[in-house]
Amino acid sequence: MFSPSDYIHMAHALRLAERGLYSTSPNPRVGCVLVHNNQTVASGWHEKAGCPHAEIIALNQAGQGARHATAYITLEPCSHYGRTPPCANALIEAGIARVVMAMQDPNPLVSGCGRAMLEQAGIKVQAGLLHDEAQALNRGFVSRMTRRRPWVRLKIASSLDGRIALNNGASQWITGNAARLDGHRWRARSCAIMTGIGTVKADNPQLTVRDLDVVRQPTKIVVDSKLDISCDARLLQEGNTVIFTANLEKSDKKAVLEERGVRIFVEPNENAKVDVHKMFSRLADLEMNEVLVEAGGELGGVLVEAGLVDELIFYFSPQLLGDCAQPMLRLPELTKLHNSKKLTIKDVRMIGKDFRILTGFQ
């Protein structure tokens, strides 16, 4: 169905799409390569919302060279007016002869429409080339469109015996500089970084991306059932903060925080805690594709137990902290081994002196 050269050109388009890893949110990461007589005519990638899509950049670059060319696109061309006009129309008007797309648009409202427009105009369309690679690049966008919640990663920095802090709370720094920089790369690609009020009180974190060249900072999210956060917390200083609470009584404090630009959502469950399922639905409404959770064992355990964590990123430092130190996750006690939560290891690598394991649930 696809030739060796088709694979080469789509791989090129995927590398271009990856350039938007830190910037395209809430839009998907998309690359486009135009090829005629097996020669690349033009290429483009989408940088951020409001900017031209990958197809438009490539078409503008190609000019008349786009006629009778093949377009390799990592995502089905859009067929509707959003912040920019439909790319399907532009491809038709440019005289493209063939479109090869890695994956269909996951948005159920528009999925297949771009392809249909192209085919009705007489353009040959083929789909599915390097589909898995394209989907992996946009897991968050796919999740938001199909599950109505973001793709959630839980990051844990731990000793080899599974401890994230000493009993007195000291945790800086369990892992080395290289692992922490790698953690900032995961922050940079995320729409938001989430933590719990316990971590805010213990560590007073900034929750920002540092030591990387980025065009935007992720939203900072705090899960704070009782609205106990200090108005002097560091993560409030630079704005772009969201707090989820279950407290309906501290209206004065809520007003003060909102005057400072903090968005507060009251989502209580029956136990006077934050309803985490409603929280992630709300984040999907806020167009958040990927959320990175950096929290203590309490919030991490709640999210795992609720089935809301899609991937876990473990950074293990070659040291032992002992059984009095704080555990990485607080989960209910098991009485039968077969009830344990089974994980699938996706990737293992050394990061400086530490090693990183990327896992998902079976």
Side-chain angles (χ1 to χ4, degrees), residues 20 22-30 46 48-51 53 75-76 78-84 104-111 113 135 137-154 186-197 207 216-225 227 229 235-236 239-248 254-255 257-270 272-295 299 302-304 306-311:
Y22 299 161
S23 62
T24 62
S25 173
N27 287 357
R29 297 140 185 159
V30 182
H46 180 53
K48 59 183 179 179
C51 288
H53 288 188
L75 181 70
E76 178 183 8
C78 61
S79 57
H80 62 290
Y81 282 86
R83 294 183 177 93
T84 58
Q104 192 164 291
D105 191 326
N107 187 339
L109 298 178
V110 299
S111 183
C113 295
Q135 190 171 65
L137 194 59
N138 284 304
R139 288 199 191 281
F141 182 74
V142 173
S143 177
R144 180 164 66 87
M145 290 295 142
T146 60
R147 301 189 301 176
R148 297 305 304 155
R149 71 172 181 84
W151 185 264
V152 179
R153 297 184 177 94
L154 173 59
W186 289 104
R187 283 186 177 188
R189 68 174 291 165
S190 303
C191 302
I193 307 167
M194 176 181 290
T195 196
I197 185 60
L207 295 189
R216 59 138 181 97
Q217 287 287 342
T219 299
K220 295 162 286 186
I221 301 172
V222 182
V223 183
D224 182 5
S225 295
L227 204 61
I229 192 168
L235 59 80
L236 299 178
N240 197 23
T241 304
V242 172
I243 296 176
F244 283 91
T245 185
N247 193 294
L248 300 171
K254 182 174 181 288
L257 290 168
E258 288 178 332
E259 285 178 3
R260 298 180 59 176
V262 179
R263 287 177 289 174
I264 299 176
F265 298 99
V266 182
E267 299 284 4
N269 63 15
E270 65 278 6
K273 301 287 187 180
V274 171
D275 187 317
V276 290
H277 291 278
K278 290 183 179 179
M279 174 175 70
F280 282 113
S281 294
R282 176 79 69 173
L283 293 179
D285 292 340
L286 295 176
E287 295 189 312
M288 294 191 181
N289 296 332
E290 299 178 23
V291 174
L292 180 67
V293 181
E294 299 187 20
L299 178 58
V302 167
L303 297 180
V304 167
L308 291 168
V309 174
D310 297 299
E311 288 182 310

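Every heavy atom of this structure was used, including side-chain atoms; hydrogens, water molecules and symmetry mates were not.
For the atom pair CD1 of Ile193 and CD of Gln217, the computed distance is 7.0 Å after rounding to the nearest 0.5 Å. Rounding to the nearest 0.5 angstrom, the gap separating the CZ atom in Arg216 from the OG atom in Ser25 is 5.0 Å. Here the CE-OG1 distance, from Met288 to Thr219, works out to 3.5 Å after rounding to the nearest 0.5 Å. Annotation: the span from Asn289 atom CG to Ser190 atom OG amounts to 10.0 Å, rounded to 0.5 Å. Between Tyr22 atom OH and Arg187 atom CZ the span is 13.0 Å, to the nearest 0.5 Å.
When side chains are defined from C-beta on, Asp310 counts as touching Arg149, because their heavy atoms get closer than 4.5 Å. Contact of the Met194 side chain with the Val152 side chain is not registered, since no non-hydrogen atoms from C-beta on lie closer than 4.5 Å. Using a 4.5 Å cut-off on side-chain heavy atoms (C-beta onward), Val223 and Val302 make no contact. Side-chain contact check for Leu308 versus Met279: every heavy-atom pair is 4.5 Å or farther apart. At least one side-chain heavy atom of Glu311 sits less than 4.5 Å from a side-chain heavy atom of Trp151. The shortest side-chain heavy-atom distance between Leu283 and Phe244 falls under the 4.5 Å cut-off. At least one side-chain heavy atom of Phe265 sits less than 4.5 Å from a side-chain heavy atom of Leu286. For the pair Leu257 and Leu227, the minimum side-chain heavy-atom distance is below 4.5 Å.
The backbone N or O of Val142 sits nowhere less than 3.5 Å from a side-chain atom of Asn138 that would complete a donor-acceptor pair. Although no hydrogens or angles enter the test, the distance criterion places a donor-acceptor pair under 3.5 Å between the side chain of Arg144 and the main chain of Pro26. Of the possible donor and acceptor atoms, one in the side chain of Thr241 sits under 3.5 Å from a partner among the backbone N and O of Gly239. Between the side chain of Lys220 and the backbone N or O of Leu235, at least one donor-acceptor pair lies under 3.5 Å. A donor-acceptor pair is defined here as one N or O able to donate and one able to accept, closer than 3.5 Å; such a pair exists between the side chain of Glu76 and the backbone of Asp105. Checking side-chain atoms of Thr195 against main-chain N and O of Val222 turns up no donor-acceptor pair under 3.5 Å. For Thr24 (side chain) and Asn27 (main-chain N/O), a donor-acceptor pair under 3.5 Å exists by modelled atom type.
Residues Lys273 and Ser225 share a closest heavy-atom pair of CA-OG, 3.6 Å. Shortest non-hydrogen contact noted between Thr146 and Pro106 is CG2-O, 3.9 Å. Taking all atoms of both residues into account, the shortest heavy-atom contact from Asp285 to Arg148 is OD1-NH2, 3.1 Å. Nearest approach of Leu299 to Gly196, heavy atoms of both residues: CD2-N, 3.7 Å. Pairing each heavy atom of Pro218 with each of Asn240, the nearest pair is O-ND2, 3.4 Å.
In this structure Asp224 satisfies the salt bridge (charged side-chain N to carboxylate O under 4.0 Å, His left out) test with no other residue, sequence neighbours excluded.
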Stepwise side-chain contact (heavy atoms from CB on, under 4.5 Å) test for Ile229 and Leu236 = CA-CA 10 Å; Ile229 192 168; Leu236 299 178; 4.2 Å; yes
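Of the charged side-chain nitrogens involved, none lies within less than 4.0 Å of a carboxylate oxygen, so that Asp275 and Arg282 do not count as a salt-bridged pair.
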